[in-house]
A.B. asks: 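Questions regarding the structure given below will be posed in turn.
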Amino acid sequence: MTQTLAAATMAAYRRAAGCIAVITLTNPPVNTLSYLLRESFYETFRRANADAEVKAIVICGADGKFCGGADIKEFAGKFSGPSLVALIDDVEQSKKPVVAAIEGMALGGGLELALGCHYRIAHTKAQVGFPEVTLGLLPAAGGSQRLPRLITLTSALELITTGRRISAPEALKLGIVDKVTDKNALDMAIDFARDIIGKPLESRRLSLRTTPCPPDVESFLDEALASIRKHSRGAIAPLACLQAVRASVYSTFDEGLKKEQELFKMLLTSGQARALQYSFFAQRATKKWSMPSGATWKNTSARPLRKAAVIGLGTMGRGITVALIKAGIPVIAVEMGLKQLEAGKTVIMSMLEKEFKKKQLTKAYREMAAFTLDLAKLQEVDLVVEAVFENMSLKKQIFQQLSSLCSADAILCTNTSTLDIDEIASVTTTPHLVVGMHFFAPAHVMKLLEVIYGPRTSPTAVATAMQLAQQMEKVGVVVGNCNGFVGNRMFKLYAEQAYFLLEEGAIPEQVDQVLEDFGFPMGIFKVSDLSGLDIEWKIRQEQGLTGPKQIPGGSFRHRAGGRYSPLLDILCERGYLGQKTGQGWYLYEKPGGRVPTFNLWLHKFLEEYRELHGIQKHYVGQDEILERCLYPLINMGFHILEERIAASPEDIDIIYVFGYSWPRHWGGPMFYASMVGLPRVLDKLNYYHEIHPDIPTLEPSSLLKKLVANGSPPIGTWGAFIKEHNSKL
Ligand SMILES: CCCCCCC/C=C/C(=O)SCCNC(=O)CCNC(=O)[C@H](O)C(C)(C)COP(=O)(O)OP(=O)(O)OC[C@H]1O[C@@H](n2cnc3c(N)ncnc32)[C@H](O)[C@@H]1OP(=O)(O)O
C-alpha cells in the first residue's frame with residue numbers, strides 16, 4: 001500500500017524546451033503537499049537547481065490541478081519529513097527563476113508555494129485562496145507574511161481572515177498572479193520562464209519586501225480587529241490570522257514567520273481546529289450515502305433530469321423554483337388559483353432577475369420558468385417537487401393526482417419538514433419513486449437539503465435527489481423517515497427547553513444571549529420572531545397538541561405524555577406572531593420591523609403566568625441555559641443514531657451546521673458532545689431529568705449510556721456501538 005502510494009505521490013521531473021525543468025506535483029486527487037510529496041519535491045527541486053543545463057524551473061500540478069494545499073489528515077498526527085516552510089524558502093532563494101503554472105486551484109499551502117515562486121501564471125478558470133481559517137488554522141508556511149507584502153493590506157487581511165477563494169482574474173487584479181490565460185497555463189509558463197532567464201530576481205523575492213501600509217495603519221488594524229470580533233461568532237482562527245498579518249506590518253520577515261508558527265501551533269491543538277477539520281471531512285462523507293437495504297452512492301445511478309415541476313408557489317415553492325433554475329433545470333411552476341400564480345410569478349421573476357445580475361447568468365435562465373394552472377403539463381417532467389402547506393390531507397390529494405398525471409417513471413418529491421413520507425407515498429401507484437426533499441428557507445440560498453427515504457423509496461429516487469442537491473450546489477444528507485426527520489426532530493427539543501426556561505424564570509433576552517455567545521447567529525426567540533410564531537403553532541395544531549383538533553387528555557401544561565409549554569400558543573392567540581405583526585417574544589418598531597427591543601408586555605405576562613400556574617421562579621444561569629437547550633437536542637441525536645434514521649454522527653452534524661447555523665467551529669451537536677465529554681453530557685441529562693421528571697426527553701438515550709459505559713470512544717467509532725457500523729470517517 002505504501003509502495004503504491006509512493007509510486008503515485010511524487011514531484012515528477014521532466015525537461016521542456018531544452019533548459020526548463022518542469023516539476024509536476026503529483027498526489028491525486030488534488031495534489032496535496034503530503035509528507036511523501038514534500039520528500040519527493042525536496043529531492044526534485046535540488047536536482048533542478050543543481051543541473052547546470054537547467055536555466056529556469058516551472059512548477060505545476062498533475063491532472064490540471066496545481067495544489068489543494070497541505071494534507072489536512074496530517075494535522076491530526078506528528079509532522080515529519082521536510083517542512084513546507086523550508087521547501088518554500090528553497091524555492092524563493094533559488095538563483096534560477098521559478099514560475100508557478102496554476103491550473104485548477106492553488107489553495108492554502110499550494111498558494112504559499114506559488115507565492116514562494118518568482119512568478120505566477122494562472123488559467124482563467126483557476127481559483128486561489130487561503131482557506132486555512134475555515135479549518136481553524138492560518139497560512140503557516142509563510143503565507144500570512146508573503147501575501148501582505150505582495151498586495152494591499154486590506155485585501156490580504158480580507159483573504160486570510162475569511163478564507164474567501166477568488167478566481168484567477170480577480171487574483172490578477174489584486175496582483176497575486178502575474179498573468180492569466182485561457183490557453184494552456186503550463187505552456188505559457190514554460191514560454192514565460194524562457195523569456196526571463198538571466199533577469200534579476202531580487203525584487204521578486206517577497207520575503208525581501210516590506211508590507212505596504214495604509215496611512216493610519218494602527219487604527220486600520222484596530223477597526224479590523226473590532227470587525228472580526230463582531231463577525232467571527234467566537235471562532236479564534238480569524239483573530240490569530242489578524243495577529244499574524246499584524247506581524248507582517250511591524251516585524252521583519254523572519255520575526256513574522258516566528259509569530260506565524262507560534263500562532264499556528266496554538267491553533268493546531270485547539271478544539272476549534274479539530275472541529276472544523278472534522279466538519280471538512282464530514283461534509284464530504286455525506287456524499288457517500290447508504291440505505292439500510294445496502295444501496296449506496298456507489299451502486300446506484302441517478303436519473304437524468306431534463307425538466308422539473310414545482311407545485312405551490314408560496315415562500316418555499318418560489319425559492320425551490322429559483323434553486324432549480326439556477327442549477328440549469330427548466331421548471332414548470334404550478335399553482336391552484338390565478339391570483340397565487342400571478343403573485344408567485346412576479347416574485348420568482350424578480351428573484352431570477354437579481355440572481356441574473358449577481359451571478360451574470362445568461363438571459364436563457366430567466367426564460368426557463370413556465371407558469372401554469374394546468375396540471376396536465378406535468379406529463380412532460382422528470383421530477384416534481386410538491387411545496388404546498390404542511391397538511392397531510394392536502395399533500396395526499398396532490399400526490400394522488402400526480403400519480404395519474406405524471407409519467408410512470410417521474411420522481412415525486414415532497415418538501416415536507418415533518419410529515420410521514422410513507423403515508424404520502426401510499427396514495428400513489430409509484431411509492432418507490434416518492435422521496436422527501438426538505439429544503440430550508442430561503443430555499444435558493446440555504447445549503448442544506450435533507451433527502452428522506454421511506455420504507456418503499458427506491459435507491460434510484462434517493463440517488464436522483466442527491467444528484468440534484470449537488471447540481472444545486474447544496475449539501476444533501478440522506479436520512480430515514482420519522483416525525484421531523486433529523487433536523488426538526490432534534491430542533492423541537494431545543495425550542496421546547498427554551499420555552500420551559502421562560503416558564504421557570506428566564507427571559508428571552510437572556511436565553512438568546514447565551515445561544516449567541518455560543519456562536520449561533522441568532523438566539524431561538526429571535527429566530528422564532530423572524531420565521532413567525534404561527535409556523536410552529538400550525539404544526540402543533542396538526543399534531544393535535546393545541547387548537548380545535550387537540551387530542552383529549554392531558555392538562556394545560558402536560559400533553560402527549562410530558563410537560564407542555566402553551567406559551568407560544570397564547571402569544572399566537574393574542575396576535576404576537578413575531579416580526580410580521582411587530583410583536584412576538586420581542587417588540588419591533590412596526591409590523592415587518594427587524595430590530596428587536598424589550599417586550600414589557602411579555603415580561604409582565606410571564607410573571608402573571610408563573611403566578612397563575614404556581615410555578616416557582618428560579619434563577620436560570622448561563623450554564624443551565626446552554627445545557628438545557630443543547631443536551632436534550634444532542635440526546636435526541638443519539639436516539640436518531642440508534643434508530644438508524646441518520647447513518648452517522650457526521651450526517652447529523654452536517655445537517656446542523658448547514659441547516660440550523662450551528663457554529664461550525666463546534667463541529668455540530670454530536671461532535672460538540674464528544675468535545676464536552678460524553679460522561680458530562682450524560683451526568684447533566686440525569687441531573688436535569690431528576691429535577692424535571694415530567695420531561696421524558698431529558699432521560700439519557702441508551703446509546704449515550706452505552707458509549708459512556710464503554711469509555712466514551714472517539715466519534716469515528718460510535719458506529720460500532722450501533723447495530724451496524726455507520727461512521728464514514
Ligand atoms: C510547521 C508546519 C507548517 C505547516 C503549514 C501548513 C499550512 C498550510 C495549510 C493548508 O494548506 S490547509 C489546507 C488548505 N486547503 C484546503 O482547505 C483545500 C481543501 N479542499 C478543497 O477545498 C476541495 O477539496 C478542492 C481542492 C477545491 C477540490 O474540490 P472537489 O470538489 O473537486 O473535490 P473534493 O470532493 O472536495 O475532494 C476530493 C478528495 O480530496 C480530499 N481532499 C481535498 N483537499 C484535501 C486536503 N487539503 N487534505 C486532505 N484531503 C483533501 C477530500 O477529502 C476528498 O476525499 P474523498 O472524500 O474523495 O475521500
Side-chain angles (χ1 to χ4, degrees), residues 5 8-9 25 27-38 61-89 102-116 125-147 159-160 162-167 237 240-241 244 257-269 273-274 276-289 297-298 469-471 473-476 648 650 654 664 727-729:
L5 257 180
T9 306
L25 307 174
N27 184 15
V30 296
N31 304 324
T32 52
L33 295 158
S34 65
Y35 155 73
L36 285 173
L37 184 58
R38 293 199 306 276
D63 203 18
K65 297 164 190 174
F66 183 76
C67 177
D71 183 341
I72 300 166
K73 289 204 171 99
E74 287 184 2
F75 293 143
K78 259 191 172 172
F79 286 110
S80 53
S83 103
L84 192 53
V85 178
L87 290 184
I88 295 172
D89 190 51
I102 302 173
E103 287 179 321
M105 80 288 286
L107 297 172
L111 180 56
E112 295 185 292
L113 175 61
L115 292 181
K125 294 219 166 111
Q127 55 164 217
V128 305
F130 279 139
E132 286 88 337
V133 69
T134 65
L135 299 166
L137 301 172
L138 58 82
S144 74
Q145 303 306 300
R146 284 194 176 88
L147 192 64
L159 294 179
I160 292 173
T162 64
R164 186 168 73 89
R165 299 161 188 218
I166 58 174
S167 66
C241 286
L257 273 190
K258 239 171 103 187
K259 182 77 185 166
E260 187 190 79
Q261 285 304 305
E262 215 176 87
L263 291 163
F264 178 72
K265 280 183 191 140
M266 179 273 290
L267 291 175
L268 192 64
T269 50
R274 273 193 291 132
L276 287 160
Q277 288 159 33
Y278 159 85
S279 194
F280 173 85
F281 290 113
Q283 183 180 341
R284 277 147 187 88
T286 58
K287 286 187 205 154
K288 299 173 186 171
W289 57 269
W297 63 287
K298 263 194 197 154
Q470 205 169 339
Q471 220 174 319
E473 294 179 11
K474 292 191 187 296
V475 182
S648 68
E650 296 90 323
I654 288 303
R664 202 177 163 121
S727 175
K728 293 173 208 150
L729 290 187

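Bear in mind that the values here come from a model prediction, so they are computed numbers and not experimental data. Order of appearance sets the numbers: ligands from 1, and atoms from 1 within every ligand.
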A.B. asks: Between Ile160 and Pro139, which heavy-atom pair has the shortest distance, and what is it?
C.D. replies: CG2-CD, 3.8 Å
A.B. asks: With a cut-off of under 6.0 Å to the ring centre and 45° to the axis, is Arg274 in cation-pi contact with Tyr278?
C.D. replies: no
A.B. asks: Which option wins on minimum heavy-atom distance to atom 22 (O) of ligand 1: Gln283, Arg165, Met105?
C.D. replies: Arg165
A.B. asks: Once you restrict to heavy atoms under 4.0 Å, what part of Phe75 touches ligand 1? Side chain, backbone, both or neither.
C.D. replies: side chain
A.B. asks: Give me the residue, atom name and distance of the protein heavy atom closest to atom 52 (C) of ligand 1.
C.D. replies: Arg284 CD, 3.7 Å
A.B. asks: Quick one: do Arg146 and Glu260 make a salt bridge, cutoff under 4.0 Å?
C.D. replies: no
A.B. asks: Measure from atom 29 (O) of ligand 1 to the protein's non-hydrogen atoms and state whether any distance is below 4.0 Å.
C.D. replies: no
A.B. asks: Hey, is atom 20 (N) of ligand 1 under 4.0 Å from any protein heavy atom?
C.D. replies: yes
A.B. asks: So, 4.0 Å and heavy atoms of Glu112: is ligand 1 close enough to count as a contact?
C.D. replies: yes
A.B. asks: Applying a 4.0 Å heavy-atom criterion (strictly less than), which segment of Ile72 is in contact with ligand 1: side chain, backbone, both, or neither?
C.D. replies: both
A.B. asks: Counting non-hydrogen protein atoms only, what is the nearest one to atom 31 (O) of ligand 1? Give residue, atom name and distance.
C.D. replies: Lys287 NZ, 4.7 Å
A.B. asks: Hey, which atoms in ligand 1 end up nearer than 4.0 Å to a heavy atom of Phe280?
C.D. replies: 19 (C), 20 (N), 43 (C), 44 (N), 53 (O)
A.B. asks: Is atom 33 (O) of ligand 1 touching the protein, meaning some protein heavy atom lies under 4.0 Å away?
C.D. replies: no
A.B. asks: Taking 4.0 Å as the limit for heavy-atom contacts, which would you say applies to Ala70 with ligand 1: side chain only, backbone only, both, or neither?
C.D. replies: both
A.B. asks: If we set the cut-off at 4.0 Å for heavy atoms, which region of Gln261 has an atom near ligand 1: side chain, backbone, both, or neither?
C.D. replies: side chain
A.B. asks: Which label fits Phe79 and Phe264: parallel for a plane angle under 30°, tilted from 30 to 60°, or perpendicular past 60°?
C.D. replies: tilted
A.B. asks: For ligand 1, which atoms, with element, lie under 4.0 Å from some heavy atom of Gly68?
C.D. replies: 14 (C), 15 (N), 16 (C), 18 (C), 47 (N)
A.B. asks: When you measure from atom 55 (O) of ligand 1 to the protein, is at least one non-hydrogen atom found at a distance under 4.0 Å?
C.D. replies: no
A.B. asks: Under 4.0 Å, heavy atoms only, figure out whether ligand 1 is touched by the backbone of Leu33, its side chain, both or neither.
C.D. replies: neither
A.B. asks: Taking it one step at a time, do Glu74 and Arg38 satisfy salt bridge (charged side-chain N to carboxylate O under 4.0 Å, His left out)?
C.D. replies: CA-CA 12 Å; Glu74 287 184 2; Arg38 293 199 306 276; 3.1 Å; yes
A.B. asks: What's the separation between atom CG in Asp71 and atom CG in Asn27, rounded to the nearest 0.5 Å?
C.D. replies: 7.0 Å
A.B. asks: So which heavy atom in the protein is nearest atom 39 (C) of ligand 1, and how far is it from that ligand atom?
C.D. replies: Pro29 CG, 3.6 Å
A.B. asks: For Thr32, counting its heavy atoms only, list the atoms of ligand 1 lying under 4.0 Å from any of them.
C.D. replies: 45 (C), 46 (C), 47 (N), 48 (N)
A.B. asks: Say whether Ser83 and ligand 1 are in contact under the criterion: heavy-atom distance to a ligand atom below 4.0 Å.
C.D. replies: no
A.B. asks: Consider side-chain contact (heavy atoms from CB on, under 4.5 Å). Of Thr162, Leu111, Leu159, which one does Phe130 pass it with?
C.D. replies: Leu111
A.B. asks: Could you see which bit of Asp71 sits under 4.0 Å from ligand 1, with heavy atoms only: side chain, backbone, both or neither?
C.D. replies: both
A.B. asks: From atom 45 (C) of ligand 1, is the closest protein heavy-atom distance below 4.0 Å?
C.D. replies: yes
A.B. asks: Can you tell me if Leu137 has a non-hydrogen atom under 4.0 Å from ligand 1?
C.D. replies: no
